[in-house]
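Here the structure is a predicted model, which is why all the values come from computation and not from measurement. Lettering of chains follows the sequences in order, A, B, ..., and the numbering in each one begins at 1.
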Protein chains: 2
Amino acid sequence: MARTQAADYDDRRKAIMATAARLYALHGFLGASIAQIAAAGETSKSLIYHYYPSKEDILFDVMDSHVQGLVETALAVEAGSEEPRDKLRRLARDLMEHYEGAQSNQKVLLNELGNLPVDRRQDIVDRQRVVIDVVDRLLLAIRPDLAQDRPRRRSLTMLFFGMLNWTHTWFDPAGPIKSQTIADDAAEMFLSGLAQPQA
Amino acid sequence: MARTQAADYDDRRKAIMATAARLYALHGFLGASIAQIAAAGETSKSLIYHYYPSKEDILFDVMDSHVQGLVETALAVEAGSEEPRDKLRRLARDLMEHYEGAQSNQKVLLNELGNLPVDRRQDIVDRQRVVIDVVDRLLLAIRPDLAQDRPRRRSLTMLFFGMLNWTHTWFDPAGPIKSQTIADDAAEMFLSGLAQPQA
DNA sequence: CCTACCGATCGGTAGG
DNA sequence: CCTACCGATCGGTAGG
């Protein structure tokens with residue numbers, strides 16, 4: 001009988017990635033060693049290097065698999081039929097839901113981009129850019145007067161992401177506040193702050 | 001004549017701290033070696049260890065000297081005579097000004113807390129807490145109906161800090177947008193989002 | 001005799 | 001999948 005280990009190849013790889021994500025999030029990419037990841041996953045360094053050519057390749061996988069989900073979420077919301085303000089409210093909720101379901105990946109995505117080799121870094125930045133651009137287009141639909149002011153739009157958009165992305169430093173899904181409440185509050189602040197064109 | 005080199009003790013120490021702050025911000029605490037810090041400052045490792053007992057002590061100094069300024073800023077604004085909403089607007093401006101003037105320290109403060117030994121970490125967390133509590137009290141003054149809902153207030157407060165603190169990832173002081181504009185936008189979003197008590 | 005500082009190297013541990 | 005290692009570099013310290 002042929003060896004069937006390839007059958008659980010994806011599962012093993014995902015398990016390694018999940019353990020790495022947890023330790024990268026906890027100790028930082030440089031602070032978490034391959035030996036620690038192996039021990040935490042009850043395997044060996046050799047096994048890890050069988051599935052990944054390098055420590056940085058695991059990091060890329062942790063980030064890329066996560067950011068791809070964010071891109072899908074953002075594009076799905078944009079493709080809907082709601083009005084721009086409602087799309088933004090929904091996007092806040094869906095992104096927060098994604099963050100909550102992959103906290104380690106999210107932390108790693110936000111904190112460890114600098115530890116990725118330059119060429120692979122661009123892939124991640126490009127995908128993040130897609131998500132940011134969705135918000136930029138929603139903002140433009142809400143505030144057409146900002147059509148000529150790209151820097152200002154970018155600045156306002158980043159305030160929106162600031163509210164959502166900063167949650168990785170303080171939000172506890174097990175606590176009294178739900179991620180949906182946070183998403184709704186962030187969306188309301190953003191939208192009501194946009195309501196009046198300022199001088 | 002007695003040696004007078006001790007006269008520039010503080011200057012040398014500050015120079016080491018500034019170089020360390022820059023490299024810690026750029027490469028991360030673990031990614032920046034004492035040797036690199038020495039080379040960048042055109043001195044030697046031995047000189048650095050004459051001024052600091054360990055790499056972590058430099059990290060603590062980078063964070064503590066910065067967060068102390070933030071505490072002073074926040075308490076000064078709170079002690080003023082403006083109404084709560086104006087205090088919050090001013091606080092956003094003053095904090096952003098502080099961030100802009102110490103970008104490396106701010107990045108290190110936000111990213112490297114986990115690399116501080118646990119006992120010294122608490123000192124920094126306590127000081128950050130003072131700044132957060134100022135916003136919590138301003139929020140309470142603006143929305144007295146949230147007096148019994150501490151978790152919600154904490155959550156709203158952290159959305160405010162999210163907008164400001166996330167700037168370290170994208171804001172370029174040399175770009176077309178001024179930090180004051182960002183501060184004003186963030187304060188307006190926060191205040192207008194707070195205006196209507198939600199269901 | 002002290003403080004300030006240098007060139008060289010220590011014991012351990014990292015990723016691979 | 002393990003043990004035994006490597007070249008390099010780490011934070012920290014020696015003598016003078």
Side-chain angles (χ1 to χ4, degrees), chain A residues 2-17 19-63 108 112 114-118 120, chain B residues 1-17 19-24 26-63 108 112 114-121:
Chain A
R3 294 183 64 173
T4 54
Q5 290 200 352
D8 56 9
Y9 182 91
D10 284 348
D11 287 344
R12 280 176 178 272
R13 200 176 147 106
K14 278 178 192 165
I16 292 169
M17 188 182 71
T19 303
R22 212 182 76 237
L23 293 183
Y24 288 171
L26 202 57
H27 305 295
F29 175 72
L30 294 175
S33 70
I34 292 290
Q36 285 175 322
I37 295 168
E42 291 179 323
T43 90
S44 66
K45 291 205 293 179
S46 306
L47 191 273
I48 290 175
Y49 280 106
H50 174 69
Y51 284 88
Y52 287 98
S54 76
K55 199 187 179 191
E56 280 83 4
D57 282 273
I58 313 177
L59 178 63
F60 179 80
D61 209 2
V62 168
M63 292 182 165
V108 172
E112 307 296 345
N115 288 117
L116 220 47
V118 274
R120 318 210 65 184
Chain B
M1 206 161 96
R3 298 183 63 172
T4 52
Q5 289 202 354
D8 56 8
Y9 181 90
D10 283 348
D11 286 345
R12 280 175 178 273
R13 200 177 147 105
K14 278 178 190 163
I16 292 168
M17 189 184 70
T19 304
R22 212 181 77 237
L23 293 183
Y24 288 169
L26 201 58
H27 306 296
F29 174 73
L30 294 175
S33 70
I34 292 289
Q36 286 175 323
I37 294 168
E42 289 178 325
T43 94
S44 66
K45 290 207 295 177
S46 305
L47 192 273
I48 290 177
Y49 280 107
H50 175 71
Y51 284 88
Y52 286 98
S54 76
K55 199 188 179 190
E56 281 83 4
D57 283 272
I58 314 177
L59 179 62
F60 180 80
D61 209 3
V62 168
M63 292 182 165
V108 171
E112 306 295 344
N115 288 117
L116 220 48
V118 273
D119 50 319
R120 319 209 63 183
R121 200 181 305 173

Open item on the list: For A:Arg120, give me all partners under side chain to side chain donor-acceptor pair (under 3.5 Å), at least two apart in sequence or on another chain.
Closed with: A:Asp57

- [ ] Output all residues satisfying side chain to side chain donor-acceptor pair (under 3.5 Å) with B:Tyr49, sequence neighbours left out; order by chain, then residue number.
- [x] none

- [ ] Please tell me which of the listed nucleotides, D:dT13, D:dT3, C:dC5, lies nearest to the side chain of A:Ser46?
- [x] D:dT3

Open item on the list: Using a heavy-atom cut-off of 4.0 Å across all strands, would you classify B:Thr43 as base, sugar-phosphate, or nothing?
Closed with: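 Touches nothing.
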
TODO: Pick base, sugar-phosphate or nothing for B:Gln36, based on heavy-atom distances below 4.0 Å to the nucleic acid.
DONE: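 Result for B:Gln36 = nothing.
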
With a 4.0 Å cutoff (strictly under), does any side-chain N or O of [X] reach OP1 or OP2 of [N]?
X       : N      : result
B:Arg12 : C:dC5  : yes
B:Tyr49 : D:dT13 : no
B:Ser44 : C:dC6  : yes
B:Tyr51 : C:dA4  : no
B:His50 : C:dA4  : yes

Using atom [atom1] of [X] as one end and atom [atom2] of [N] as the other, report the distance to the nearest whole Å.
X       : N      : atom1 : atom2 : answer
B:Ile58 : D:dG11 : CD1   : C1'   : 10 Å
A:Ile37 : C:dG16 : CD1   : P     : 10 Å
B:Asp57 : D:dG11 : CG    : P     : 14 Å
A:Ile48 : D:dC2  : CD1   : C1'   : 14 Å
A:Lys45 : C:dG15 : NZ    : C1'   : 7 Å
B:Leu47 : D:dT13 : CG    : P     : 16 Å

If you look only at distance, which donor and acceptor atoms sit under 3.5 Å apart when one is on a side chain in residues 23-36 of chain A and the other is two or more places apart or in another chain?
residue : atom : partner : partner atom : Å
A:Tyr24 : OH   : A:Lys55 : O            : 3.2
A:Ser33 : OG   : A:Gln36 : N            : 3.1
A:Gln36 : OE1  : A:Ser33 : N            : 2.9

Open item on the list: Please give me the minimum heavy-atom distance between B:Ile58 and B:Ile48, naming the atom from each residue.
Closed with: CD1-CG2, 3.8 Å

Task: Heavy-atom closest contact (A:Glu112 atom, A:Met63 atom, distance) - done: C-CE, 3.3 Å

Task: Any residue meeting salt bridge (charged side-chain N to carboxylate O under 4.0 Å, His left out) with A:Arg13, in chain and number order, not counting sequence neighbours - done: A:Asp61

Task: For DNA chain D, the residues among residues 28-35 of chain B that have a non-hydrogen atom under 4.0 Å from it - done: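 Of all residues in residues 28-35 of chain B, the ones placing a heavy atom under 4.0 Å from DNA chain D are B:Ala32, B:Ser33, B:Ile34.
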
- [ ] Check whether the side chain of A:Lys55 and the base of C:dG16 form a donor-acceptor pair under 3.5 Å.
- [x]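 No pair found.
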
TODO: Starting at the 5' end of DNA chain C, write a dot or bracket for each base, bracketing those in Watson-Crick or G-U wobble pairs whose two distances are under 3.5 Å and using | for partners on another strand.
DONE: .....|.|.||.|.|.

